[in-house]
Amino acid sequence: MTKRTLGFVALGAAAAMLLSACGGGATDGNGGEAAFNQGETQVVNPSDATGGTLRYAISADFDSPDPGNMYYAFAWNFSRYYARTLLTYTGEPGTEGTELQPDLAESMPEASDDGKSYTVKLKEGLKYEDGSEIVAEDVKYAIARSNFGEQALPNGPKYFKQLLDKSDDYEGPYADGDDPLKGFDGIETPDDHTLVFHLKKPFAEFDYILLQPQTAPVPAEADKGEQYQTRVLSSGPYKYDGDYRSGESLHLERNDQWDPESDPIREALPDRVEVEIGVEQNEIDQRLVNGDLDVDLAAASVGPAMKGTLLSDESKKVNVDNPETNTLRYVNVNTVVEPLDDLACRQAIMFAADHDALQRAWGGAAGGEIPTQIMPKELDGSDQSIDLYPSEDRKGDLDKAREKLEECGEPDGFSTNIGARSDRPADVATAEALQSSLKRVGIDAQIKQYPSDTYTNTQAGSPDFVHENELGLTVYGWAPDWATGYGFMSKIVDGRSIQKAGNSNISELDDPEINKLFDEVVDEQDPDVRAQKYAEIDRLVMENAAILPAVFEKTVYYRPDNLTNVYYHVGYAGYDFMALGTTRE
């Protein structure tokens with residue numbers, strides 16, 4: 001997720017942009033041929049032709065296709081096929097794509113004078129796939145199940161639980177089967193088309209919370225807890241065709257109850273959308289180039305082998321996009337697992353890391369820039385002067401690393417483990433590069449690999465698992481939930497964000513000064529002052545040596561000739577899935 005919203009863009013802006021350049025063919029929309037990285041800033045191969053089957057594949061699986069139980073950016077992006085949310089991003093290339101607009105909402109939220117209440121009106125006449133009406137209480141219920149109670153869905157953020165008033169004692173919708181929303185007073189629904197959100201205190205960026213997939217409506221009677229993912233009730237242009245089969249497939253077909261006149265962003269061009277799950281990454285890459293597949297669902301770069309081929313072959317390079325993603329690829333340095341609970345031991349990791357090798361693990365300059373801080377440069381408050389662990393040619397300062405090992409009582413080094421996603425070649429390569437770096441100062445790091453679909457919840461995302469398996473280091477990546485310092489950093493470095501499962505503060509950093517700055521920033525109305533506080537937080541994270549930055553990612557995507565309306569969407573850190581069409585049958 002990414003980018004800051006600067007204001008409201010009129011309904012239909014996305015559609016107008018796309019349809020203005022109709023004509024089809026592998027052109028740039030201006031009569032010319034498509035070019036390298038054109039999709040970062042323009043719509044490639046524009047067309048309004050409908051029909052055909054759009055084919056996705058992924059090497060692992062969704063964390064969950066349930067909108068209330070997902071956190072991967074690709075899952076948020078994909079869920080829009082069958083789940084509409086209160087607000088949404090506009091559908092445009094570049095930073096314009098991060099502006100907010102209503103989706104289920106009739107208009108943008110109205111804030112009270114004291115900033116503690118937000119009123120949202122739903123459009124009338126919206127329906128689920130079964131023809132029943134979408135009502136305000138269904139949105140309230142969806143937020144309740146994804147945020148509250150012992151059985152709250154483990155994946156995904158918990159911003160609503162953190163922000164909503166009058167709900168601290170609410171035990172979630174599964175605690176009282178007769179009245180699942182009893183005690184949940186942070187949201188009022190005075191009628192079927194009105195929601196009033198009550199906050200504990202003003203939160204200047206609340207609009208961004210309302211675009212999360214957790215606001216996609218779920219009727220209480222349709223909910224099956226974590227098993228709801230098997231057959232999500234659609235509010236969007238497509239519905240499940242059969243059940244989601246974990247590890248195998250998810251197929252979508254048109255939903256005839258969806259009203260395109262009510263929808264500002266979804267083109268719904270293909271007749272069908274099919275996802276193959278568990279396809280090995282090298283096979284995905286080859287099938288994309290052969291034209292046997294349309295999109296890599298994970299929205300990660302092609303693998304290292306194909307990356308080199310695509311960038312060196314001019315005939316293929318015109319079909320390649322290489323956008324900057326506002327995504328930080330990094331290594332969590334756990335602040336609890338021994339001996340990394342000692343600051344000097346963590347700093348030894350920071351000094352020993354060979355950043356040149358880490359960058360090469362991501363494909364060199366085409367894979368991203370070497371950062372010295374955690375906030376991507378496009379976010380207000382990003383301070384590229386932060387450089388607390390400098391070294392010649394970015395290859396590490398081994399003398400400093402050894403000094404820090406002495407300081408933490410481990411002069412000969414120590415042993416730890418590096419967690420990485422087994423189906424992400426760049427993650428594994430990053431772990432291997434770091435392993436070699438650390439070996440130079442006597443730190444013995446063993447690599448442990450896990451599947452990406454469970455990594456964020458069950459392994460790296462579970463503090464208990466991290467402790468039991470002594471995962472002192474974990475390879476990870478993070479894009480902003482929305483494009484501010486709060487949207488980027490709060491879930492990964494605010495100590496109050498640490499949770500038992502689906503934890504994103506994997507370093508378990510709980511620094512009172514950082515936490516206090518996050519409290520201050522939500523009350524601050526001046527964006528310049530907020531930016532200064534974000535820079536302070538960034539510096540404190542680096543001083544704590546809790547995150548080892550690897551690269552500010554640049555991805556390498558291949559867009560087959562048959563794929564239409566292709567562009568990189570900054571807000572979803574990948575191609576805009578809602579715009580895509582295909583010329584194939």
Side-chain angles (χ1 to χ4, degrees), residues 64-70 75-76 79-88 102-106 120-149 151-156 160-161 164 167 170-197 209-244 250 252-259 262-263 266:
S64 169
D66 179 347
N69 196 27
M70 55 173 57
W76 284 28
S79 68
R80 296 180 298 153
Y81 279 124
Y82 50 84
R84 297 181 64 177
T85 49
L86 290 179
L87 304 182
T88 187
D103 187 357
L104 291 175
E106 186 177 72
V120 180
K121 293 280 189 180
L122 295 184
K123 294 167 184 167
E124 298 192 19
L126 300 175
K127 296 179 180 178
Y128 295 105
E129 64 178 87
D130 62 3
S132 59
E133 185 178 11
I134 295 171
V135 296
E137 187 165 283
D138 299 345
V139 177
K140 178 176 179 177
Y141 183 84
I143 292 169
R145 68 189 286 272
S146 59
N147 277 264
F148 291 88
Q151 293 177 301
L153 303 174
N155 302 325
F160 285 106
K161 183 175 183 179
L164 288 175
S167 305
Y170 178 54
E171 297 179 355
Y174 309 116
D176 185 340
D178 294 330
D179 190 357
L181 296 176
K182 183 179 181 181
F184 183 27
D185 299 321
I187 304 175
E188 285 184 89
T189 53
D191 58 57
D192 281 349
H193 300 98
T194 305
L195 295 122
V196 183
F197 294 85
I209 308 298
L210 301 179
L211 68 76
Q212 294 183 359
Q214 295 175 335
T215 68
V218 178
E221 58 273 20
D223 187 20
K224 297 179 181 177
E226 288 196 58
Q227 291 309 307
Y228 181 64
Q229 66 176 352
T230 304
R231 188 66 80 99
V232 173
L233 190 66
S234 175
S235 54
Y238 297 91
K239 61 183 180 181
Y240 281 28
D241 179 15
D243 289 348
Y244 156 65
L250 174 60
L252 306 178
E253 61 182 358
R254 290 195 183 277
N255 171 18
D256 61 8
Q257 296 298 313
W258 170 71
D259 177 8
S262 72
D263 198 322
R266 295 168 180 82

If you round to the nearest 0.5 Å, how far is OG of Ser132 from CG of Leu233?
6.0 Å
From Tyr240 OH over to Asn255 CG, what is the distance, rounded to the nearest 0.5 angstrom?
13.0 Å
Can you tell if the side chain of [X] reaches within under 4.5 Å of the side chain of [Y], non-hydrogen atoms only?
X: Arg84; Y: Asp263; answer: yes
X: Lys123; Y: Leu104; answer: no
X: Arg145; Y: Tyr174; answer: yes
X: Leu126; Y: Ser235; answer: no
X: Pro217; Y: Tyr128; answer: yes
X: Asn69; Y: Pro154; answer: yes
X: Leu195; Y: Leu122; answer: yes

Test: side chain to side chain donor-acceptor pair (under 3.5 Å). Region: residues 177-186. Which pairs qualify, not counting sequence neighbours?
none
Using the test salt bridge (charged side-chain N to carboxylate O under 4.0 Å, His left out), find all partners of Asp192 that sit at least two apart in sequence or belong to another chain.
none
Arg266 with Asp103: basic N within carboxylate O range, under 4.0 Å:
yes
For Tyr238, all residues meeting ring-ring contact (aromatic ring centres under 6.0 Å, His included), sequence neighbours excluded:
Tyr81
If you apply the rule side chain to side chain contact (heavy atoms under 4.5 Å, CB included), what do you find for Leu210 with Phe197, and how did you get there?
CA-CA 10 Å; Leu210 301 179; Phe197 294 85; 3.8 Å; yes
